[in-house]
Amino acid sequence: KNIPRLVSEFISLTAQDVMLLIVGSAMGDEDVAADCRSVAGEDRRVRFDFRHVPDDLLLKYIAACNIAVLPYREVLNSGSVLMALSAHRPVIAPRIGSIAEIAGRVGASWMRCYDGDFTASVLIDAMGKPLPEMPGPDLKPYDWLEIARGTVDFYRSLREETHPQRNRKRYKTTGIISSEPSHPNDV
């Protein structure tokens with residue numbers, strides 16, 4: 001997750017009216033926590049909570065911040081991006097994996113993406129931009145019910161393409177679970 005690099009780049013900033021809060025478990029990698037503490041040294045602008053943090057407390061931490069920083073080196077998907085956006089916080093993250101797609105949907109005011117290595121200039125640039133207007137970003141495409149409906153529609157379209165002549169029963173969707181057909185061939 002490149003957290004020691006985040007700490008290193010943050011402490012190089014000269015601004016004294018900023019704070020970096022690193023929250024969450026290092027997932028058994030005690031070296032990451034030790035590296036972060038070592039890099040931060042005595043800089044009082046950097047705070048750590050390396051415990052496993054329950055979602056309700058994590059949302060409070062996110063709400064206390066102006067911006068979430070996720071300086072991944074590699075990532076395909078990030079629940080942390082969606083969590084921060086759902087808490088109406090802009091995100092600094094690399095333009096890689098699904099983050100690029102999310103940035104395209106929610107816009108540059110919510111996703112402050114960068115290319116290449118994470119640097120202090122990425123922080124300075126992102127922090128220099130005004131906070132986005134409320135309400136928060138449109139995250140409807142990432143809603144579980146929307147994803148389930150899209151998935152069901154996709155499979156129905158495949159079924160219709162392979163067997164268009166069959167007369168099929170339609171089942172009402174309630175929530176995410178559909179009524180079960182009486183026989184597997186009825187699907």
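Numbering starts at 1 and runs along the sequence shown.
Residues D138 and V106 come closest through the heavy atom pair O-CG1, 4.0 Å. Taking both residues in full, the closest heavy atoms of A93 and M111 are given as CB-CE, 4.2 Å, listed atom of the first, atom of the second, then distance. Here the shortest heavy-atom pairing between I11 and A40 reads CG2-CA, 4.4 Å. For the residue pair N66 and P90, the shortest heavy atom distance occurs at O-CD, 3.3 Å.
At distances below 3.5 Å, at least one donor-acceptor pair connects side-chain atoms of N2 with backbone N or O atoms of P71. A donor-acceptor pair is defined here as one N or O able to donate and one able to accept, closer than 3.5 Å; such a pair exists between the side chain of Q16 and the backbone of T14.
Applying the 6.0 Å contact sphere to NZ of K129 captures more than 12 heavy atoms from other residues, nucleotides or ligands. With a 6.0 Å radius and a threshold of 12 heavy atoms from other residues, nucleotides or ligands, R95 has its CZ atom above the threshold.
Put simply, CZ on R5 and CG on D35 are 14.0 Å apart, with the number rounded to the nearest 0.5 Å. E9 CD to L20 CG: the interatomic distance, rounded to the nearest 0.5 Å, is 11.5 Å. The distance from atom CZ of R37 to atom CZ of F50, rounded to the nearest 0.5 Å, is 5.5 Å. For the atom pair CG (L6) and CG (L70), the distance works out to 9.0 Å, reported to the nearest 0.5 Å. Taken from CG in D43 to OG in S12, the straight-line distance is 10.0 Å, to the nearest 0.5 Å. Atom CZ in F118 sits 9.0 Å away from atom CD1 in I3 (nearest 0.5 Å).
Using a 4.5 Å heavy-atom cutoff, the side chains of Y142 and S98 are not in contact. Between W110 and L139 there is no side-chain heavy-atom pair separated by less than 4.5 Å.
Taking a cutoff of 4.0 Å between a charged side-chain nitrogen and a carboxylate oxygen, R156 and E160 do not qualify as a salt bridge.
Side chain to side chain, D125 and Y114 fail the donor-acceptor criterion of an N or O pair below 3.5 Å.
The same ILVMFWY cluster, assembled from side-chain heavy atoms under 4.5 Å apart, contains both I92 and F10.
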